[in-house]
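All heavy atoms count here, side chains included; hydrogens, waters and symmetry mates do not.
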Amino acid sequence: MTKPECIIEIEALHTRFGNHIVHRNINLCVHRGEILTLIGGSGSGKTTLLRQILGLEKPSQGSVKIFGATHTDSNFNLQRKSIRSRSGVLFQQGALFSALTVFDNVALPLRELHMLSENMIRDLVMIKLDMVAIEAEHASKMPSALSGGMIKRVALARALALDPELLFLDEPTAGLDPELSASFVELILTLRSEMDLTIVMVTHDLDTLVALSDRIAVLADQQVVTTGTLDEICHFQHPFITSYFKSIRHQSDQKNYLEQPWKTVPMPS
């Protein structure tokens, strides 16, 4: 059986801020084409790890390799532009630039290439907006005039502007009501299939976790304590995992999540 390709490979990663240790000896591989979800308690270092993968922060020790290039390589800066053009990021609150219109927010990464005419940029922006179900009439609006769901979709259009291979989602459905959350999940699944995306996601939302995750990596005790499918994770014996899914079961009973077969979550014994 062919070993899956690691599009992201983390080896022996340690993170320390002064005397505070965030990560100890983290090893993780993100397979090409999968959706890998990071879960963990508050302060477990999920966002820090995401920032290190993106090259926004440096680990104290260890390496992060993305598309075969390590952040500490001497020639990494030469490859940074190529790596960024192959990656897209959807931030938790969308992070749209408030002084730019919807159109200009999505156009920004295209303009930074300094290779495309304004006519081509206009066509590409409208294609991306259409992909995320934002109608052309909204292109001239400012972010302040958008609903929460529209902000997420515009931010997703911007993340996909350069047709990336790798997409990072930080709490993609946070702040959305259940109906909007479900439609956003369906959108991500559709785009994943159409664009052959590899996705790394951080989420606390049960429906999002179940609907999108191929594998889950659990951050606890300053480490990745286990990775696997949802069923494998649920049956892994660890205090955080047991507590996490028990709290989810309580929420599920309240919200009737488990009435739909595709949302059924096996609980740890």
Side-chain angles (χ1 to χ4, degrees), residues 8 15 22-23 26 28 30 34-54 56 88-95 147-149 151-153 155-156 159 167-189 192 197-236 238-260 262-268:
I8 299 170
T15 306
V22 180
H23 302 134
I26 285 183
L28 185 65
V30 180
E34 77 171 342
I35 299 179
L36 178 79
T37 301
L38 296 171
I39 67 171
S42 178
S44 61
K46 302 183 298 296
T47 299
T48 298
L49 185 59
L50 211 59
R51 290 178 61 83
Q52 289 169 341
I53 294 172
L54 290 166
L56 300 175
V89 186
L90 173 62
F91 296 99
Q92 182 171 345
Q93 303 299 330
S147 66
I151 287 173
K152 293 275 190 181
R153 289 174 181 268
L156 182 58
L167 180 64
F168 296 90
L169 305 175
D170 187 8
E171 300 287 0
T173 55
L176 301 182
D177 64 38
E179 185 176 351
L180 285 175
S181 179
S183 66
F184 199 73
V185 164
E186 288 298 323
L187 174 61
I188 292 170
L189 287 171
R192 179 232 190 149
L197 292 167
T198 301
I199 297 176
V200 178
M201 175 175 68
V202 172
T203 187
H204 288 93
D205 181 72
L206 174 63
D207 284 344
T208 305
L209 179 78
V210 173
L212 291 179
S213 306
D214 293 316
R215 287 193 307 143
I216 300 165
V218 181
L219 277 168
D221 305 329
Q222 303 165 335
Q223 303 174 58
V224 173
V225 294
T226 186
T227 60
T229 64
L230 180 63
D231 183 68
E232 291 167 339
I233 295 300
C234 285
H235 290 90
F236 185 85
H238 185 278
F240 166 76
I241 295 172
T242 301
S243 173
Y244 180 81
F245 283 103
K246 276 185 177 179
S247 68
I248 283 180
R249 176 165 53 188
H250 177 66
Q251 294 170 20
S252 299
D253 290 340
Q254 291 181 328
K255 299 181 182 179
N256 293 319
Y257 282 132
L258 305 186
E259 289 182 356
Q260 300 182 46
W262 68 273
K263 292 179 181 176
T264 299
V265 180
M267 297 303 168

[X] [atom1] to [Y] [atom2] distance, which is reported to the nearest 0.5 Å:
X	Y	atom1	atom2	result
Arg215	Leu230	CZ	CG	13.5 Å
Ile53	Leu50	CD1	CG	5.5 Å
Thr227	Leu36	OG1	CG	7.5 Å
Leu189	Leu212	CG	CG	5.0 Å
Leu38	Ser44	CG	OG	8.5 Å
Leu187	Arg153	CG	CZ	5.0 Å

Identify the residue among Ile39, Val202, Leu49 that makes a side-chain contact (heavy atoms from CB on, under 4.5 Å) with Leu219.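 Result for side-chain contact (heavy atoms from CB on, under 4.5 Å) with Leu219: Leu49.
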
With heavy-atom distances below 4.5 Å as the criterion, would you say the side chains of [X] and [Y] are in contact?
X	Y	result
Asp207	Pro178	no
Thr15	Ile26	no
Phe168	Ile8	yes
Ile233	Thr226	yes

Short side-chain to backbone donor-acceptor contact, [X] and [Y], under 3.5 Å:
X	Y	result
Thr229	Glu232	yes
Lys46	Val218	no
Asp177	Glu179	yes
Ser243	Pro239	no

Please report the shortest heavy-atom distance between [X] and [Y], naming the atom on each side.
X	Y	answer
Ser181	Asp205	OG-OD2, 4.2 Å
Lys152	Leu90	O-CD1, 3.9 Å
Val185	Ala211	CG1-CB, 3.6 Å
Met201	Pro172	SD-CG, 3.8 Å
Ala155	Gly94	CB-O, 3.5 Å
Glu34	Arg192	CA-NH2, 3.7 Å

According to the interplanar angle, ranging from 0 to 90°, do the rings of His238 and Phe236 count as parallel (below 30°), tilted (30 to 60°) or perpendicular (above 60°)?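 Geometry flag for Phe236 against His238: parallel rings.
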
